[in-house]
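What's counted below: heavy atoms across the whole structure, side chains too, no hydrogens, waters or symmetry copies. Indexing begins at 1, ligand by ligand and atom by atom, following the structure's order.
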Amino acid sequence: MNLLIYKTKTELLKDLAEYIITIGEKAIAENDCFNFVLTGGNSPKELYTMLAMDYREKLDWTKVYFFIGDERNVPPGHESYNGLMARKSILDPLNVVADHVFFVDTTQAPEKAAIEYAKEISTHFKGADLSFDLILLGMGDDAHTASLFPGTEVLGNKDVTVDSVYVEKLSTYRITFTAPLINKAKNVAFLVFGEAKAEAIKHVIEDQTKNPELYPSQLVDPVDGSLTFFLDSDAAKLLDN
Ligand SMILES: O=C(O)[C@H](O)[C@@H](O)[C@H](O)[C@H](O)COP(=O)(O)O
């Protein structure tokens with residue numbers, strides 16, 4: 001596990017953008033494509049815009065396939081649909097073509113949407129191991145990641161798949177990568193900044209005895225891949241030096 005702590009969010013985002021480009025270049029050199037899973041939420045918006053604007057010429061974006069690690073149970077045009085945020089901040093500015101975008105079809109019921117999304121991903125990987133080149137993750141102040149929320153059934157899903165889950169505290173369904181699917185990735189990177197996340201980060205990174213029911217991000221432990229935390233000093237403030 002790599003722990004990278006930055007004084008400012010700007011420094012963090014620049015380094016993370018360069019990290020993403022480096023992984024993309026390697027994936028394209030090796031397999032002529034870069035399978036890149038975006039995180040939802042607010043944290044990545046600035047990063048996505050930076051990639052689309054400042055790093056437009058730094059990667060052959062036509063070789064990138066974009067996925068989303070979790071989705072809310074709202075229509076695709078809804079303002080809180082993660083896919084819409086991704087379209088606005090990076091996909092449309094980079095003119096990404098439709099068949100390079102794999103998002104959750106939330107016009108279907110959550111369970112069906114999850115099954116369909118898992119099928120699409122499996123078809124994309126032509127039945128081979130579902131091993132993404134990079135999965136970008138955010139983290140909530142309750143230590144959830146993707147839609148792996150504390151105390152939810154999906155935490156116990158041992159399948160390498162996409163699942164639907166009812167999240168009591170939000171009174172809504174979510175569709176999410178399971179922890180085993182995340183852990184199949186070649187590289188996983190958390191993007192976490194701000195003081196509100198400091199308590200969660202401390203538990204996720206420093207707890208000797210893991211308690212993933214309470215701190216689901218502790219489930220992220222790639223089988224063969226790399227795990228890197230990109231934190232600002234506020235999010236890292238409770239960590240022992
Ligand atoms: O659908 C989502 O909201 C995300 O995938 C979720 O896991 C997010 O990464 C965290 O909730 C952090 O969200 P912020 O970046 O908005 O703090």
Side-chain angles (χ1 to χ4, degrees), residues 6 9-10 12-13 16-17 20 36-51 66-91 102-106 110 113-114 117 132 134-152 154-155 157 162-179 181-183 185 188-205 212 214-220 227-232 234-237:
Y6 300 85
K9 186 170 75 165
T10 308
L12 184 166
L13 294 179
L16 177 51
I20 292 166
F36 180 20
V37 181
L38 302 173
T39 176
N42 296 307
S43 298
K45 287 178 185 171
E46 217 175 311
L47 169 71
Y48 295 161
T49 302
M50 186 188 275
L51 287 169
F66 292 89
F67 302 78
I68 198 84
D70 76 307
E71 194 51 89
R72 291 81 178 275
N73 183 34
V74 293
H78 191 281
E79 61 176 4
S80 64
Y81 184 74
N82 283 325
L84 182 64
M85 177 274 289
R87 280 194 195 290
K88 287 181 182 171
S89 52
I90 184 167
L91 302 181
F102 293 78
F103 284 163
V104 183
D105 175 8
T106 52
Y117 195 38
F132 290 94
L134 174 61
I135 298 182
L136 195 53
L137 294 172
M139 191 185 298
D141 56 12
D142 61 356
H144 82 263
T145 190
S147 284
L148 304 173
F149 283 86
T152 57
V154 68
L155 300 182
N157 189 329
V162 179
D163 200 356
S164 61
V165 55
Y166 184 74
V167 184
E168 198 75 44
K169 73 185 275 192
L170 303 177
S171 312
T172 184
Y173 280 91
R174 290 281 188 102
I175 294 94
T176 184
F177 277 27
T178 60
L181 177 53
I182 293 170
N183 289 331
V188 178
F190 273 99
L191 161 59
V192 187
F193 52 79
E195 195 167 356
K197 312 286 178 80
E199 187 77 29
I201 281 290
K202 180 162 184 68
H203 283 290
V204 170
I205 291 179
L214 216 47
Y215 309 108
S217 292
Q218 291 177 349
L219 290 170
V220 177
L227 174 60
T228 306
F229 286 84
F230 287 82
L231 309 177
D232 74 346
D234 286 341
K237 67 184 287 189

Within a distance under 4.0 Å of any heavy atom of [X], pick out the atoms of ligand 1 and give their elements.
X: T39; answer: 5 (O), 9 (O)
X: R174; answer: 1 (O), 2 (C)
X: N82; answer: 1 (O), 2 (C)

Where on N42 is there a heavy atom closer than 4.0 Å to ligand 1, on the side chain, on the backbone, on both, or on neither? both

Taking the inter-plane angle between the rings of H203 and Y215 on a 0 to 90° scale, is it parallel (under 30°), tilted (30 to 60°) or perpendicular (over 60°)?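 Parallel.
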
Relative to the ring of F132, is the ring of F67 parallel (under 30°), tilted (30 to 60°) or perpendicular (over 60°)? perpendicular

First locate atom [atom1] of [X], then atom [atom2] of [Y], and finally report the distance between them rounded to the nearest 0.5 Å.
X: K237; Y: D232; atom1: NZ; atom2: CG; answer: 10.5 Å
X: F149; Y: D142; atom1: CZ; atom2: CG; answer: 6.0 Å
X: L16; Y: L47; atom1: CG; atom2: CG; answer: 5.0 Å

Heavy atoms only: which of [options] is nearest to [atom]?
atom: atom 7 (O) of ligand 1; options: G69, G138, G140, A146; value: A146
atom: atom 8 (C) of ligand 1; options: H144, K197, M85; value: H144
atom: atom 15 (O) of ligand 1; options: S43, G41, A196; value: S43

For [atom], what is the nearest protein heavy atom, given as residue, atom name and distance?
atom: atom 12 (C) of ligand 1; answer: M139 O, 3.5 Å
atom: atom 3 (O) of ligand 1; answer: R72 NH2, 2.7 Å
atom: atom 5 (O) of ligand 1; answer: D70 OD1, 2.5 Å

So do F103 and P76 actually touch side chain to side chain, heavy atoms under 4.5 Å?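 Of all side-chain heavy-atom pairs linking F103 with P76, none is under 4.5 Å.
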
Neighbour count >12 (heavy atoms, 6.0 Å) for atom NZ, K202: yes

Does ligand 1 have any atom that is closer than 4.0 Å to a heavy atom of E71? no

So if I apply the side chain to side chain donor-acceptor pair (under 3.5 Å) rule between N157 and each of D163, T152, T178, T176, which one comes out positive?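 Testing each of D163, T152, T178, T176 against N157, the sole residue satisfying side chain to side chain donor-acceptor pair (under 3.5 Å) is D163.
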
